[in-house]
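Heads up: the structure comes next, in structure tokens.
We use all heavy atoms of the structure for the numbers below, so side chains are in, but hydrogens, waters and symmetry mates are not. Positions are given from 1 along the sequence. Note that the structure is a prediction, hence the values are computed from the model and not measured. Ligands are counted one by one from 1 in listed order, and the atoms in each one are counted from 1 as well.
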Amino acid sequence: MNINENYQNLEESYLFSTVAKKVNEFIQKNPDKKVIRLGIGDVTLPLCKAVVDALHKAVDEMGIQATFRGYGPEQGYDFLREAVQRYYLKRNVQLELDEIFISDGAKSDLGNILDIFSKDNTVLVPDPVYPVYVDTNVMAGRKVIFADANGENEFLPLPDESVKADIIYICSPNNPTGAVYNKEQLKKWVDYALKNRAVILFDAAYECFVSDDSLPRSIYEIEGAKECAIEFCSLSKTAGFTGTRCGYTIVPKALGKLNKFWLRRQTTKFNGVPYIIQRGAEAVFSEKGQAEIKENIGYYKENAKVISDTLEQCNIWHVGGKHSPYIWLKCPNNMTSWDFFDYLLENIQVVGTPGSGFGKNGEGYFRLTSFGSKENTIEAMQRFKKLFS
Ligand code: MLT
């Protein structure tokens, strides 16, 4: 047998695993120190009441012969797909039910979708960005090229007509920089994709954090996007499903065979999200659920403000946090991202994510998340203030 040697071309370990390993080593050596984690974007607020009630009800149904369910439809139950359909309709995006695929989260689908694309596509990935886009393509041996995101373009690269790409990743609001494309900018990407017969893989995992109604939350708010874009969405950050696992992917039928092939792929390799979880996810889209998750998102945004205000006071350059749970900052004193990571861990026991882990343009930058508890965020920022002012 031959193994997939492409794995040799990956970093030794996944970014967030490396961070976790370093933090665990530190804790073992310093068990008396209180470490505050503002690294991986994992939520801390519990599931909202509407979701918990729906989960309980579904558990009871599973224990009764008449309402027990076995295998469900691989692409998700209609009740949840209809809820997603209504959610999009609120923003005047009309989707057909068989364009909506329920999944166990955006991360899985972002990797799995590559099954339906040939290996010889050229992939364009912004740099810096969520590392899963690059890693999954490296695993498949695909050629990856980069679109530079930097201070000059406010971390929002636009298409370069001289570059030929077949698969384009866009993450807006962006992980890690928190930058958001406006409609005119996204239209440029849609036009580029249509002209080049490329497909955009649009990661909308943080759409709920967009606070300005004029900014797009779905790429389908842009004319022509249904002919060139697949959208990935997740309830992880929106509704606290990081541990519960549920998301959805939109593959428009206007993309021709891709919709059919994705269904074929999912029916073969995936058995669907558990019924109980899908009932919980359905409740996210109810009136009560929407009001409750809005409150939770407001809580995280308050944390983001605490972080931004502190960085401001410490004269540390930063962006993000307004339409996103992430704050992207320049490491003080020209430190490298990993040096700054070690410096914070050693001196104030605050964990963030090194910007260089998101790509070469992330070197010298650092990401903090607002997903911690209010108390921990305030404490972490007090420690920051002491260290930097
Ligand atoms: C992050 O911190 O970038 C995310 O939590 C990672 C993820 O969603 O998989």
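Counting heavy atoms under 4.0 Å from ligand 1, residue Y326 touches it through the side chain alone. Using a 4.0 Å cut-off between heavy atoms, I40 contacts ligand 1 through both its backbone and its side chain.
Judged by distance alone, the side chain of N4 and the main-chain N or O of N6 form a donor-acceptor pair under 3.5 Å.
Aromatic ring centres of Y248 and F101: separated by at least 6.0 Å. Between Y206 and Y326, the distance from one ring center to the other falls under 6.0 angstrom.
The aromatic rings of W328 and Y365 sit parallel to each other, their planes meeting at less than 30°, with 60° as the upper class boundary. Aromatic ring pairs are classed by plane angle as parallel below 30°, tilted from 30° to 60° and perpendicular above 60°; the pair F16 and Y14 is perpendicular.
Taking distance alone, with nitrogen or oxygen atoms compared against 3.5 Å, K237 approaches ligand 1 more closely than that limit. Looking at ligand 1, you won't find any N or O of Y14 less than 3.5 Å from one of its N or O atoms. Some N or O of G41 is nearer than 3.5 Å to an N or O of ligand 1, by distance alone.
Shortest contact from atom 9 (O) of ligand 1 to any protein heavy atom: Y130 OH, 2.5 Å.
A donor-acceptor contact under 3.5 angstrom links the side chains of D148 and N361, judged on distance only.
Distances from ligand 1 to the non-hydrogen atoms of N175 include at least one value under 4.0 Å.
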